[in-house]
Amino acid sequence: DVKVTQSSRYLVKRTGEKVFLECVQDMDHENMFWYRQDPGLGLRLIYFSYDVKMKEKGDIPEGYSVSREKKERFSLILESASTNQTSMYLCASSQTGTGYLYRGYTFGSGTRLTVV
Amino acid sequence: AQSVTQLDSHVSVSEGTPVLLRCNYSSSYSPSLFWYVQHPNKGLQLLLKYTSAATLVKGINGFEAEFKKSETSFHLTKPSAHMSDAAEYFCVVTDQRYSGGYQKVTFGTGTKLQVIP
């Protein structure tokens, strides 16, 4: 069964810590994404990558960075965690394609991060 | 530009009654549309997708949606709600244009479905 795996389901970190969220996909997808999900705000795109070592800012990149050294792995880094980064973080991947070939996203199960 | 509006933030139905979750979209190009479901503390799972083939799309767990271009709608329906359908549902649109190598995808803000026994 193909999937996107996020390394942690729940994380509790202290303010100021450097936090790494890891995401691995086994579908050979070109594109990978990091979203955060907050009540009433829906999903907001933080960063995405469409190729190894490539990254693009999404809608809310401030306070975050990413790394994609291998095609299957996309890491989200909180350089100095703050309480307003407490959220559910969702990783997704997709294959490039158009029309019926476009199959949308496959999501991981999410990481619920609490910064105290 | 593309956008998607989910018209109800919460919907409550009784078990065994029909479900209707409403979604309207805006797109300058021929869009692809999706519905995802998210159960508590889980990731999003694809329910169904429309990608310019048949306008009535059948998905998993008995859900279906109809693409209506004239109404710019893609409402999600199910004839009979089950307790396990209680979840949050997201409507998603993409016009599949590339910008910086990326097909921009826009998520709705979600509709929480409550199923009453």
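Within every chain, numbering begins at 1; the chains are lettered A, B, ... in the order of the sequence lines, protein sequences first and strands thereafter.
The distance from the OG1 atom of B:Thr106 to the CG atom of A:Leu45 is 10.0 Å, given to the nearest 0.5 Å.
Tracing side-chain contacts under 4.5 Å through hydrophobic residues (I, L, V, M, F, W, Y), one never reaches A:Phe33 starting from A:Ile46; they form parts of separate clusters. Cluster annotation: B:Val4 and B:Leu20 are assigned to distinct hydrophobic clusters (Ile/Leu/Val/Met/Phe/Trp/Tyr, side-chain heavy-atom contacts under 4.5 Å, transitive). Under the 4.5 Å side-chain contact rule for hydrophobic residues, A:Val24 and A:Tyr47 do not share a cluster. When the side chains of ILVMFWY residues are joined at heavy-atom separations under 4.5 Å, either directly or via intervening members, A:Leu43 and A:Leu21 end up in two distinct hydrophobic clusters. Put simply, A:Tyr64 and A:Tyr35 are part of two different groups of oily side chains (I, L, V, M, F, W, Y) that touch within less than 4.5 Å, one to the next.
Listed in order of number, the residues of residues 107-116 of chain A that approach chain B to under 4.5 Å between heavy atoms are A:Phe107, A:Gly108, A:Ser109, A:Arg112. Contacts from residues 54-62 of chain B to chain A, taken as heavy-atom pairs separated by less than 4.5 Å, involve no residues at all. Residue-level contacts of residues 74-87 of chain B with chain A do not occur; threshold 4.5 Å between heavy atoms.
There is no contact between A:Gln6 and chain B, counting heavy-atom distances below 4.5 Å. In this structure, no portion of B:Gln45 lies under 4.5 Å from any heavy atom of chain A. Using a 4.5 Å cut-off between heavy atoms, B:Leu46 contacts chain A through its side chain alone, with no backbone atom that close. Looking at B:Gln38, only its side chain comes within 4.5 Å of chain A, counting heavy atoms on both sides.
Using a 4.5 Å heavy-atom threshold, the side chains of B:Lys42 and A:Leu90 count as separate. Side chains of B:Phe90 and A:Gln37 form a contact here, defined as non-hydrogen atoms less than 4.5 Å apart. In this structure the side chain of B:Val105 reaches within 4.5 angstrom of the side chain of A:Tyr105, judged on heavy atoms.
For the side chain to side chain contact (heavy atoms under 4.5 Å, CB included) test, residues two or more places apart in sequence or in another chain that qualify with A:Asp38 are A:Arg36, A:Leu41, A:Arg44, A:Ser87.
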